[in-house]
Protein chains: 2
Amino acid sequence: MEHSSHRQRGPHRHVTEALHFDGDVLRAIDQTLLPWQETELELRCAGDVVDAIKRLAIRGAPLIGVAAGYGLALELARDPLALERASDRLRAARPTAVNLAHAVDRVRSAAIDAGPGRAAGAALAAAQSIHAEEEAASAEIARHGADLLTAARRVLTHCNAGALAAPGRGTALAVIAELSDRGHLDAVLVTESRPLLQGARLTVYELARLGIVHELIVDGAAAGLIASGAVDAVVVGCDRVAANGDVANKVGTYGLALAAGAAGIPFVVAGPTSTIDPCCATAAQMVIEQRGPDEVRRLPAVSAAAGARELTLSGTRCRNPAFDVTPAALVTALVTERGVARPSLDGSVMALLR
Amino acid sequence: MEHSSHRQRGPHRHVTEALHFDGDVLRAIDQTLLPWQETELELRCAGDVVDAIKRLAIRGAPLIGVAAGYGLALELARDPLALERASDRLRAARPTAVNLAHAVDRVRSAAIDAGPGRAAGAALAAAQSIHAEEEAASAEIARHGADLLTAARRVLTHCNAGALAAPGRGTALAVIAELSDRGHLDAVLVTESRPLLQGARLTVYELARLGIVHELIVDGAAAGLIASGAVDAVVVGCDRVAANGDVANKVGTYGLALAAGAAGIPFVVAGPTSTIDPCCATAAQMVIEQRGPDEVRRLPAVSAAAGARELTLSGTRCRNPAFDVTPAALVTALVTERGVARPSLDGSVMALLR
């Protein structure tokens, strides 16, 4: 990291705040160290934000969009000539989530439209607008999703689609929290979400803070538990949604959709409309990020006392796709801030964007 | 353990030998320490064998049957009056695999039929027969399976169904090794098989020794890779097969069967007929073992240098079914030493037992 630094967080708050902008610094909780250490990164330029996104200290499609917007604004405040270079670096930090490109393009356009001397201020205002809109979207997603799932008392979720993935209370976890607020929820089954354990580390952390009853399972246990009748609905987030309703999300999502379909329970995807990519007709046009083998071969060090832990023979070849694709036909509902689409019925989500 | 002890193994042999009987001791490789340490347990009584089976130092449906047979014979040689108590303890060591009960019942009957004074010798002979039969079954399973899968160049397997799970070269891995011997195989995709990582630890270890090209993936990646066309067939072992062809196997198997079915590739289950339980009409009558939460919450210590590693907040509630059920309708073929049944076509495997 070029200009970032760490400081310890204060005592627990009940709603997790993944990042906030603080004048000339973007403060973000380092998600690679959760749930054991609550450490805040101080990000001061685009390079800091690129680094934090690449190493998944900041993650979740909406959140990396928000962070990238601030990253570009921070960079412009430091160097007015850095616009194109910083935009390119931020856009390329991760390839699958379209929010990243959307946010960078919007902040960049605001800077260009404002012209010299006003670019940095306009960029920051645009970044703050994106942040505020995504936070408002989270609340609307929660409302629409809970309206849809009044009969779902036992919900399964995958990876982390909470406050650590999107402003507000997140996407899928915002729906779950709203169901809990309405007294409709008995328990949440959480998949651990290997390789990086966002379910075990982040979703468990958020649900514990929210006081929502939950149980952790290994990813392989989900399909059998769904088949056994232990789950009323599957609710997940999304990294990119194609125009036909195909969904790219954390690897493992497609298997959950198959299991939900076989069991006849709803498979619900929650996300802001900023995750919809009208330029992708279907998921076949999406780039699925392939990450390095060490995420599979070992667990990363979380502290000096708990160093990296080998899980297999060193040198073992691994394949590590970060996402998979769930075809629209398996998506019962796509819940956005603008309402609910039914990809499995009409194969389109484009009406939401009109 | 009551009478077991450890010694270090010699240099690698290419075919792994999970256990062998050595006069008055059953020597078994401690599978909890693989692939990092090749340590041999010396088991001298039924209690030692029960302990090794419970803590998964010895695992795999056929192998725990063989080990239990020897365990009963060892106990009878020490105490002729221990027959019923030792039989009960061995039978109860794990609930799902039926091989355990089958083997114990057979060795017990041999002892009773032989009468006082000859019981221990008859028990040992019966245990050795079971061992030899399972070893022969492995070779026949390999032959039938490879005959069936001549078009499968890229195979995915789950958990470990190799020489560490069954005598000889195992079940599913015996088929895979035979495909490799025949020059029909390009590569094997291996799921890591959380929580205990039998794929990452044991199957990778065996395939490396056999010189078969393989890639490791997280469990959640399997369905998406199958859908993407990266796999020609899924081949797994089985812990218990019902009379109608329903299969209980390592948790995560059902999800692989769903993905294979959706992709139109064969889902093949390999196992000796000793895993078929004619007393279970369907899987609904099977007991699915529920194991403790710590297997999900943490990785066990593998050495003093690599202590147990927490994966989530301590105290997190977990659900940890060891197995799941794949309905017969999703099982393209059940490959046994007596030939191949087609559960998805005729819903029965009973013809194999006649």
Side-chain angles (χ1 to χ4, degrees), chain A residues 35-36 158 189-195 197 199-201 204-205 208 213-225 227-228 230 250-259 261-262 288 293 295-297 299 302 306-307 309-313 316-321 323-327, chain B residues 35-36 158 189-195 197 199-201 204-205 208 213-225 227-228 230 250-259 261-262 288 293 295-297 299 302 306-307 309-313 316-321 323-327:
Chain A
W36 302 283
H158 184 52
L189 272 184
V190 179
T191 54
E192 64 177 6
S193 313
R194 276 277 290 154
L197 298 168
R201 295 190 302 106
V204 162
Y205 170 85
V213 173
H214 56 280
E215 284 186 295
L216 182 65
I217 59 173
V218 297
D219 299 311
L225 288 167
S228 76
K250 169 61 51 194
V251 72
T253 301
Y254 167 60
L256 301 176
L258 280 175
I288 299 296
E295 291 179 356
V296 178
R297 283 198 288 239
L299 287 175
V302 290
R309 172 74 180 272
E310 303 294 328
L311 304 179
T312 187
L313 292 173
T316 298
R317 285 181 58 184
C318 298
R319 210 179 294 190
N320 186 20
F323 306 98
D324 63 21
V325 168
T326 300
Chain B
W36 302 283
H158 185 50
L189 272 182
V190 179
T191 54
E192 65 176 4
S193 313
R194 275 276 292 156
L197 297 169
R201 295 191 301 105
V204 163
Y205 171 85
V213 173
H214 56 280
E215 283 186 297
L216 183 64
I217 59 174
V218 297
D219 299 311
L225 288 168
S228 75
K250 168 61 51 195
V251 72
T253 301
Y254 167 60
L256 301 177
L258 280 175
I288 299 297
E295 292 180 354
V296 178
R297 283 197 289 238
L299 287 175
V302 289
R309 172 74 179 272
E310 304 295 327
L311 304 179
T312 188
L313 293 173
T316 298
R317 283 181 61 184
C318 298
R319 212 179 293 190
N320 186 19
F323 306 98
D324 63 20
V325 169
T326 300

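Lettering of chains follows the sequences in order, A, B, ..., and the numbering in each one begins at 1. It should be emphasised that the depicted structure is a prediction, and the values quoted were computed from it without experimental measurement.
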Open item on the list: Does any backbone or side-chain atom of B/V213 lie under 4.5 Å from a heavy atom of chain A? Answer side chain, backbone, both or neither.
Closed with: side chain
Open item on the list: At a heavy-atom distance under 4.5 Å, which candidate from B/G261, B/G252, B/A230 has the highest pair count against chain A?
Closed with: B/G252
Open item on the list: Looking at every heavy atom in both B/V251 and A/A221, which two are closest together, and how far apart are they?
Closed with: CG2-CA, 3.4 Å
Open item on the list: Going by side chain to side chain contact (heavy atoms under 4.5 Å, CB included), B/R194 matches just one of A/I217, A/V218, A/D219. Which one?
Closed with: A/V218
Task: Shortest non-hydrogen contact from A/Y254 toward B/A227 - done: CE2-CB, 3.6 Å
- [ ] Please report the shortest heavy-atom distance between B/G224 and A/D324, naming the atom on each side.
- [x] CA-CB, 4.2 Å
Open item on the list: Once rounded to the nearest 0.5 Å, what's the spacing between atom CG of B/L299 and atom CG of A/L311?
Closed with: 6.0 Å
Task: Top of B/P35, B/G255, B/P327 for chain A proximity - count of heavy-atom pairs under 4.5 angstrom - done: B/P35
- [ ] First locate atom OG1 of B/T316, then atom OH of A/Y205, and finally report the distance between them rounded to the nearest 0.5 Å.
- [x] 13.0 Å
Open item on the list: What's the separation between atom NE2 in B/H214 and atom OG1 in A/T312, rounded to the nearest 0.5 Å?
Closed with: 6.5 Å
- [ ] Using salt bridge (charged side-chain N to carboxylate O under 4.0 Å, His left out) as the criterion, list what pairs up with A/R297, not counting sequence neighbours.
- [x] A/D294
Task: B/P321 versus chain A, the contacting section by heavy-atom distance below 4.5 Å - done: side chain
TODO: Against chain A, label B/V296 side chain, backbone, both or neither, depending on which of its atoms sit under 4.5 Å from a heavy atom there.
DONE: both
Task: Toward chain A, the part of B/L225 with a non-hydrogen atom under 4.5 Å - done: side chain
Open item on the list: Is B/E295 in contact with chain A via its backbone, its side chain, both, or neither, using a 4.5 Å heavy-atom distance?
Closed with: neither
TODO: Against chain A, work out which of B/K250, B/R201, B/E310 has the most heavy-atom pairs shorter than 4.5 Å and name it.
DONE: B/E310
Task: Partners passing salt bridge (charged side-chain N to carboxylate O under 4.0 Å, His left out) against A/E215 (at least two apart in sequence or in another chain) - done: B/R317, B/R319
Task: A/A208 versus B/L313, closest heavy-atom pair with distance - done: CB-CD1, 4.1 Å
